[in-house]
There are 2 protein chains.
Amino acid sequence: MTTAAIIGGGVIGGGWAARFLLNGWDVRVFDPDPEAERKIGEVLANARRSLPGLSDVPLPPEGKLSFHADLGDAVAGAAWIQESVPERLDLKLKVYRSIQEACDPQAILGSSTSGFKPSELQEGALRPGQIVVTHPFNPVYLLPLIELVTTPENSPEMIERAKEIMRGLGQFPLHVRKEIDAHIADRFLEAVWREALWLVKDGIATTEEIDEAIRMGFGIRWAQMGLFETYRVAGGEAGMKHFMAQFGPCLSWPWTKLMDVPEFTDELVDLIAGQSDAQSGHHTIRELERIRDNNLVGMMRALKAQNWGAGAVLNTHDAARKPRALPNLETADLSQPILTLSRAVPLDWTDYNGHMTESKYLEAFANSTDRFMEIIGCDADYIANGGSYFTAETHIRHLDETHAGARIRVETQMLLGQGKKLHLFHRMYEGDTLLATGESFLLHVSLETRKPCAPSPAIEAAMARITQAQAGLPYPEGAGSAIRKPA
Amino acid sequence: MTTAAIIGGGVIGGGWAARFLLNGWDVRVFDPDPEAERKIGEVLANARRSLPGLSDVPLPPEGKLSFHADLGDAVAGAAWIQESVPERLDLKLKVYRSIQEACDPQAILGSSTSGFKPSELQEGALRPGQIVVTHPFNPVYLLPLIELVTTPENSPEMIERAKEIMRGLGQFPLHVRKEIDAHIADRFLEAVWREALWLVKDGIATTEEIDEAIRMGFGIRWAQMGLFETYRVAGGEAGMKHFMAQFGPCLSWPWTKLMDVPEFTDELVDLIAGQSDAQSGHHTIRELERIRDNNLVGMMRALKAQNWGAGAVLNTHDAARKPRALPNLETADLSQPILTLSRAVPLDWTDYNGHMTESKYLEAFANSTDRFMEIIGCDADYIANGGSYFTAETHIRHLDETHAGARIRVETQMLLGQGKKLHLFHRMYEGDTLLATGESFLLHVSLETRKPCAPSPAIEAAMARITQAQAGLPYPEGAGSAIRKPA
């Protein structure tokens, strides 16, 4: 089992620990803070309720988490060492010396630093090429971006290995090839932060008004397209050059005092803190973290459905794991109901009480049907070529409740698969508990005529195999159910 | 019927036209561009496919759209006049003179300007107090933010009226009380734009890398929480002051050359245009607009489910319209199936072919069931007090297809409503076409024990009224259906 070492906890180190742990790595933590275990535990709790449900395919079983009083113990044998200690160069350099005396020379040593360039971190190091910047964004267990900042000291092999590991964690490594203070994203945040401080100081807007100006407008846009793509689209038919022709001249206007930094007096700090309390104080920080994660999961899953941006990153991560997570025609024991779904219940499938809502049962069964279709050969390519299955009728029996984060699975029995007809019986479980059954009758159709027609010979053959293999299975309890007419 | 006048079309004027038209206003357009009608038509097409589905309650019937060769004709009788002509002060002032000579003195005259302060627009006007800045964000028919910038010339009454109108359009008016160049949001965009141009010019990052740095990280965060709230949460237990104590000192670092503006040479323009083509050129602008709108709708509906940010704005807009859109116990003709759902099919309910997907039929029926529960008294307050209905069994018959944007409705017949039992039959229509039926058997439960129990007397009484009223309705075709056991 691969091991990651987390040097320095808190929100960022804890986020990395969660990301590794939930992706099946063992995680060894070193942090002299006596509160480290509690703080990391809280980040982990947030991650466990939100991250697994982002995937439509199960994450691997969690790794083992351990805390170590000795830094050498923590890093011994780790393939990845993530440093997230306070932003002081002398401290980081000292920590790297200790790390490199004890770790595998092949391990990747990433720093979460937002403030230092990798060349500064590599200065005087035992093995400079081992050290890179891997700068994450809070919450680290949800947001995919990692700014991977390298120097010529880092070998191409090591860089590629780092990217692969991060992709395996469901992250999006952005290679920043020319190091610069604050990398890329924080330079934008810094620019906005300065402008925002001026607006607050000059009484133009409160913290709340500034935040609404962001999240009710361009903030929503930026969750799916960045600055340049947004402007390209806005440039309309005439395109990017047209947009820049219109926008370009504005850059000269004396719009901003951005180079001046407002003095960070106690007065200004109090003003901001007071406005922030008025804006957000009715929720605790823990509540805001959960609200934030609920929102992020909902929006990222919306982007999954569109296969765009962060959603596309998630789909790619799922696709890489799917072959091992779900059986196909060759690997399944066809004599038994076939596993067609295995996942954590995502946050946006549940009501405010955390219970999975009614309509999501059908969404889960529809996903199971889609998987069964894939198994018999009606996959994305087949559908793109004009054939598919339409559901004619569905019957769902709700038997028990489940919650956000629960690991559910669906096992599917084929009651009939012949010619145009496909009749499936799905059973949804959590552990040994039968949560619901879903029975579906489908017809194979031509996507062009929208009318029933015979499936391909390959699909017929697959269905014949399953028919034969499942012939011994009893007719399921609950199949053929009707909602009885009231007396 | 209230009328809005759109002076100047294009992406922004067309977006305003769409926003007004789809909310039931008549819209009169004046734009000397011979292509105005075509361009506005394209924006309207994008709006029609995306905006109605954002609402779970139908928008009013569309208003009438007309194009006028004479500005005076366009503004006569309009309650709102939105100016979106090119960003030249002399042109805008000339246009306002013509508008104010012909319009209702009580009409609100909003400018979409991103560049001018309202005092500049009011200078020398016939009625300065009639003019405000109402600055929107593209796409205007989807993003809720309007920066409403006023001066002391604008009366409190007029300002309140403007806000009410905008809320009625589903917008979020942000009152910018102290005018400043570029208002609020564009100052942030300007700051980021400059920094981004430097990064491209200096070869630190391409347009694509910059965009990924935004949309894979803080961009997703900003769709739901702005700068200050995000930092408050990041400050963790210690809160905002702690965060600022850590972050504050960074402001002095020489991180940015932001005050300097890179020279906008042909070379730089070509560099950007070329990188933008490489990044986004595989989609046409029209395709990118549709992708963008699909993404925005998906994410905004995800925020609706969380009742947060832009999603909360949408829910409030729906709630205001719901009483008139759907009947209740007093206003319904109880002798007939009751209208429990009426909406446009949203973009995120459909597959890549634009057809409504299977699992969304149950979502629609579940919404219908929720509405029926509300009608008989099991509303949000009742549920908060510990009673609700759980669905035990559901049977859905899929009869016909429908598409994004289609106006669908559900009419619900109560087959049994007595004691703990509730047995509903929903019929989903598009026009006269029966799309699907959904039969549900529910049990009234205690949310505390999670077990069936008798509903309140008020609910019993409501069900008794409906039982009596609907006694004459025939038992529905398709009720009591089962999926037949294969021979």
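Order of the sequence lines sets the chain letters (A, B, ...), proteins ahead of strands, with each chain counted from 1.
To the nearest 0.5 Å, atoms CD (B/E208) and CZ (A/F228) are separated by 12.0 Å.
With salt bridges taken as basic N to acidic carboxylate O contacts below 4.0 Å, none links A/R292 and B/E229. Salt bridge absent: A/R187 and A/E190 never bring a charged side-chain N and a carboxylate O closer than 4.0 Å. One finds no salt bridge joining B/K39 and B/E42 here, because no Lys/Arg side-chain nitrogen approaches an Asp/Glu carboxylate oxygen to under 4.0 Å. The residues B/K360 and B/E363 are annotated as salt-bridged, a charged nitrogen and a carboxylate oxygen being separated by less than 4.0 angstrom.
Proximity to chain B (any heavy atom under 4.5 Å) is shown, for A/V297, by neither the backbone nor the side chain. Using a 4.5 Å cut-off between heavy atoms, A/Y475 touches chain B through its side chain atoms alone. With a 4.5 angstrom heavy-atom cutoff, A/A310 touches chain B via backbone and side-chain atoms both. For a residue to count as touching a neighbouring chain, one of its non-hydrogen atoms must lie under 4.5 Å from one of that chain's; by this rule B/I396 touches chain A with backbone and side chain alike. For chain B, no part of A/Q171 is nearby; none of its heavy atoms comes within less than 4.5 Å. Looking at A/A196, both its backbone and its side chain come within 4.5 Å of chain B, counting heavy atoms on both sides. The contact between A/R221 and chain B is made by backbone and side chain atoms together, counting heavy-atom distances below 4.5 Å. Using a 4.5 Å cut-off between heavy atoms, B/H355 touches chain A through its side chain atoms alone. Contacts of A/L288 with chain B are made by both backbone and side-chain atoms, with heavy-atom separations under 4.5 Å. If you measure heavy-atom distances from A/I483 to chain B, the contacts under 4.5 Å come from both the backbone and the side chain.
Under the 3.5 Å distance criterion, with hydrogens and angles disregarded, no donor-acceptor pair is assigned to the side chains of B/S280 and A/R232.
Between A/H398 and B/F390, the ring center distance fails the sub-6.0 Å criterion. Aromatic rings from B/F188 and B/W193 are positioned such that their centres are separated by 6.0 Å or more.
For the options B/D348, B/L199, B/T230, B/V200, heavy-atom pairs under 4.5 Å to chain A are most numerous at B/L199. If you tally non-hydrogen atom pairs under 4.5 Å between each of A/P136, A/G217, A/A392 and chain B, the highest count goes to A/A392. Across A/N295, A/I146, A/V176, A/L415, the residue that shares the most heavy-atom pairs under 4.5 angstrom with chain B is A/N295. Of the listed residues (B/G10, B/P86, B/P144), the greatest number of heavy-atom pairs within a distance under 4.5 Å of chain A belongs to B/P144. The residue among B/Q224, B/Q306, B/K178 with the most heavy atom pairs within less than 4.5 Å of chain A is B/Q224. Contacts with chain B were tallied for A/A223, A/G203, A/A185; A/A223 has the most, counting heavy-atom pairs under 4.5 Å. Most heavy-atom pairs under 4.5 Å with chain B, from the set A/N367, A/I184, A/L447, A/N138: that is A/N138. Among A/Y361, A/F218, A/F441, A/F365, the residue making the largest number of heavy-atom pairs under 4.5 Å with chain B is A/F218. Contact count versus chain A (heavy atoms, under 4.5 Å) is highest, among B/T391, B/L174, B/N294, B/I204, for B/T391. The greatest number of non-hydrogen atom pairs below 4.5 Å with chain A, out of B/A302, B/A213, B/A366, B/G438, is found for B/A213.
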